[in-house]
Structure formats: C-alpha cells, structure tokens
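Atom set for the values below is all heavy atoms of this structure, side chains included, hydrogens, waters and symmetry mates excluded. Computed from a predicted model, the values in this text were never measured in an experiment. Convention: sequence-line order gives letters A, B, ...; per-chain numbering from 1.
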There are 2 protein chains.
Amino acid sequence: MGTKERRAREKEQLQRQILSAARELFVNEGYENVSMRKIADKIEYSPTAIYLYFKDKADLLDSVCKETLLSLLNTLELLNRDKSNPIETLRKSGRAYVEFGLQYPQDYKLTFVIRPQFQQGLGLGEGSVGERVFNYLRAMVSECVRQQAFRQVDVETTGQALWSAVHGVTLLLIDFPDFPWTEKDKLIDTVIDTMIEGLKA
Amino acid sequence: MGTKERRAREKEQLQRQILSAARELFVNEGYENVSMRKIADKIEYSPTAIYLYFKDKADLLDSVCKETLLSLLNTLELLNRDKSNPIETLRKSGRAYVEFGLQYPQDYKLTFVIRPQFQQGLGLGEGSVGERVFNYLRAMVSECVRQQAFRQVDVETTGQALWSAVHGVTLLLIDFPDFPWTEKDKLIDTVIDTMIEGLKA
DNA sequence: TAACTTTACTTAACACTGTTAATTATACAG
DNA sequence: CTGTATAATTAACAGTGTTAAGTAAAGTTA
C-alpha cells in the first residue's frame, strides 16, 4: 500500500511550504501588504489552493505565530539555567527575550501585536505555547523569591510586570527606530536591571 | 469682502468633520477595516472628496494620531505638578499615561503601534507633539535626580526605560484582554513602583 | 447682466483584495 | 476500464485605495 502515507506526506509538505512562504512574505512586507495571490505565486499554486490547507488568512497568520512562539521558547530554554544564581538567569532571559524580538522584529510584532488584533485573545490560553513561555518566566521569578534574592513579592504579578517591561522596550525599539535612543544595549540593560533592583530583598 | 474668509472657514470645518468621522470609525472598527467609502458615507460626501483635504488614508491616520498625542499631553499637564514630591508626581503621571491608553485603547494603538508602521519613524521628530510628551517625562526624571530622590542616574536613559515600562503594560492589557492578569490596577502599580524603587537613592 | 475663471465636488474607472461556488483534472480502488 | 474520491483550478463577487476626467457652482471681471 503506502501510497496513502505518501499522499499524506505530500500534503504535509505543501502545508509547510505554504507556511514558510507566508512567513517570509509577512515578515518582509507586512501582514496587510501580503495577499493570498502573492503567497500563491510564490509556491506556484492557485490562490484558492491555500484554502484547502488553511481556513483563511488569519489562520495562516496564527500558524506562523505559533512557530515564532515555539522558536522563542526554544531560545529561552537553551539558556543554561544554573539555579545557583537565579537573578542572573532572569537577567539573561530578559535580554534574550528582547534580543529575540529585535532579531525578528516583524515576527515579534506579528505574534504579540498584530495577531491579538485578528484573533481576539487566543494564543495565551491553557496549553498554548504562549502559556508555556509565560510559565518559564514565572518559574524564574519563583526561584528568585524562594532563594530570597527577591523580597516576598507576588510571583504572578511580578512576572507580568517583568513581561510588561521587556515587551515595552522591545516594541519601542522596533517601532521607533529613528528616535534618538541612548545606546540600545544600555537601554535594554537599564530596563531589566532597574526592575530587578526594585524587586531585590 | 469676507466671503473668502467664510469659504476658508467652511473648508476647515469640513476638514474637521472628516477627521472626526475618521477617528470615530478608526477607533470603533480598526484602521484596516475602515474604507474611504465608509468615511465618505458618514459625512455624506463622495469618497474622493476626502482626497481634497488629505493626501491619502495614511495622512488621515497621521492627523488623527496627532490629535491623540495632543490630548495625552493635555492630560499629563493637567496633573498638579507640585515640585515638593517629584516621585509622587512621576508615579501619578505614569498611572495617567497607562489609564489614558486604556481609556482610548484604539487611539493608543493607532498612535504608538499602527502609525509607526505606516509612517516610518515620523511623529517623534523635533518639534513634534510626541517630542513634547517625552520632554515632559524627561523633566520629571530630572527633578527626581536634582532633589536626590533618585540616585545619580542618566536622565535620558532612565526616561526611556520608564516609558518602555508603561508602554509595555499598556499594550499588554490592551492586546490580551483575556489573559488572566492579576488585578489590573495592581499590575500597573507594580510596574511603576518597581521601576521607581529600582531608581531610588 | 454676460462671459470667463476658479474652486469644490462627483462619476467612472483601474488594478487590486479575501473568499466562495462550480468545475476540471488527477490519482486511486474495484 | 469504470466509478469515485481527492486535489487543484477557473470564474466570479463584492469590496478596497486611488487617479483622471468631467460637472456644477461660486466668484470675478467687462
């Protein structure tokens, strides 16, 4: 038999091909400026073929963003997490988060700004990749409190506050490239270090 | 004579009419979902009439955002700025900033996220309203340092870092309304207070 | 008042968008 | 070889931003 498996494999391959064409276009030209026809051209299929693999354009965006989140999660988890210095781990993770955003600015905006607009609220629900990213952050804060490097703060709120700070600096640097920022690395460090300083025991 | 003045006044009035129709639609339905024809319908003119008053749709967006920034600036400057307690002033301003964003979420996103995408970098240049808003922030930080409420931090960098933090929390609360945030006010206060704590002498 | 000019606005059109329904081609099973 | 499911296509719809050409009204001058 085996032909069924081959066909399934081919379908999956085409799905991936669509996804990677969409990502490349979204990232380079912006979600709004990419038409289904452009994607279709790139993969040399008719525009409507895409609809056999994705519900609509927003679904395509959603899939692209899920991949981005997985990649971010992977980046964060690669950081060697030596428990002996949880503050340093937190600092490094914060930097890695911002740097990820700056390295793939359009991916970042797609995931954390554009998508929420098109898929109200989804993406951070239970079991989602987004939730796993946030869990990672929560665990780090928790460790800082446990080792009394931080004072007895509310882990949940603190995690969200830290996320706010790194999210903010990432987006400002992406969205206003012409603003006279002080040296970029200095700004990122200041944001992270000031937050950490404010949380110390 | 006077007819010339009257005509000029009428033109200006129509321009304002277009602007306010555009703002209302942009805010309620999102920039992308508003067509020139919809705006035209609302003011009962033909779609192309708008082009006699605004270069294109992005120009319309730009004008709407300039108004938003002026309104934000006005909100901030209304805060009674008693110099005796610069930290408290800073804290109140931070809260006012975030609350402004949450009160007019679509305006805020239009101004600080959508527009930069359509009008690369503009809006924070010299003499702009955006610059005036940031000057306000810089002055507050400067006062904190002068009175030695803050340690001897770099005013420029610190201002940018504070902006990052409030921008971040504002956007997260707007973009992920379904995320299980801890109580909203508590989160906002935590972000602002943690930053301030980290800057104290 | 009559003819001319400027201003304000509209109509028609172009090339493009996301998406659906109907249609064709392809590959499989019996 | 025939019938059937699957995959992909073509055609079409209603809508988009924007431009060019045309029209109606108002102001100016004789």
A.B. asks: So, A:Y108 versus A:F112, ring centres under 6.0 angstrom or not?
C.D. replies: yes
A.B. asks: OP1 or OP2 of D:dA7 less than 4.0 angstrom from a side-chain nitrogen or oxygen of A:K11, does that happen here?
C.D. replies: yes
A.B. asks: Given D:dT16, C:dA12, C:dT20, identify the nucleotide with an atom nearest to the side chain of B:S35.
C.D. replies: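 In terms of side-chain proximity for B:S35, the closest of D:dT16, C:dA12, C:dT20 is D:dT16.
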A.B. asks: Where the side chain of B:W181 meets the backbone of B:F176, is there a donor-acceptor pair that is under 3.5 Å apart?
C.D. replies: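 Judged by distance alone, yes, a pair lies under 3.5 Å.
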A.B. asks: Between the base of C:dG18 and the side chain of A:R37, is there a donor and acceptor pair under 3.5 angstrom?
C.D. replies: yes
A.B. asks: Does the distance from a Lys or Arg side-chain N to an Asp or Glu carboxylate O, for A:R23 and A:D107, drop under 4.0 Å?
C.D. replies: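 Yes.
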A.B. asks: Are A:K109 and A:Y104 in a cation-pi contact, defined as NZ or CZ under 6.0 Å from the six-membered ring centre and within 45° of the axis?
C.D. replies: no
A.B. asks: In whole angstrom, what separates A:L14's CG from D:dA8's C1'?
C.D. replies: 10 Å
A.B. asks: Once you round it to whole Å, what is the distance between P of D:dT10 and OH of A:Y51?
C.D. replies: 16 Å
A.B. asks: Could you give all pairs that pass the ring-ring contact (aromatic ring centres under 6.0 Å, His included) test and reach residues 56-79 of chain A, with sequence neighbours left out?
C.D. replies: none
A.B. asks: Has the side chain of B:T48 got a donor or acceptor atom sitting under 3.5 Å from an opposite partner on the base of C:dT11?
C.D. replies: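 Indeed there is one.
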A.B. asks: Whole-Å distance between D:dG17 C1' and B:I39 CD1?
C.D. replies: 11 Å
A.B. asks: With sugar-phosphate meaning primed atoms plus P, OP1 and OP2, does A:Y53 contact a base, only sugar-phosphate, or nothing at under 4.0 Å between heavy atoms?
C.D. replies: sugar-phosphate
A.B. asks: Could you state the CD-C1' distance from B:E32 to D:dG17, rounded to the nearest angstrom?
C.D. replies: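 In whole Å, D:dG17 C1' and B:E32 CD are 12 Å from each other.
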A.B. asks: What's the NZ-C1' distance between A:K38 and C:dC16, to the nearest Å?
C.D. replies: 10 Å
A.B. asks: Whole angstrom is fine here: how far is it from CD in B:Q13 over to C1' in C:dA8?
C.D. replies: 15 Å
A.B. asks: Rounded to whole angstrom units, what separation is found between the CG atom of A:L52 and the P atom of D:dA8?
C.D. replies: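 In whole Å, D:dA8 P and A:L52 CG are 7 Å from each other.
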A.B. asks: Return the nearest nucleotide to the side chain of A:M36; candidates are C:dT10, D:dG17, C:dG18.
C.D. replies: C:dG18
A.B. asks: Would you kindly give the OH-to-P distance between B:Y45 and C:dC9, to the nearest whole Å?
C.D. replies: 5 Å
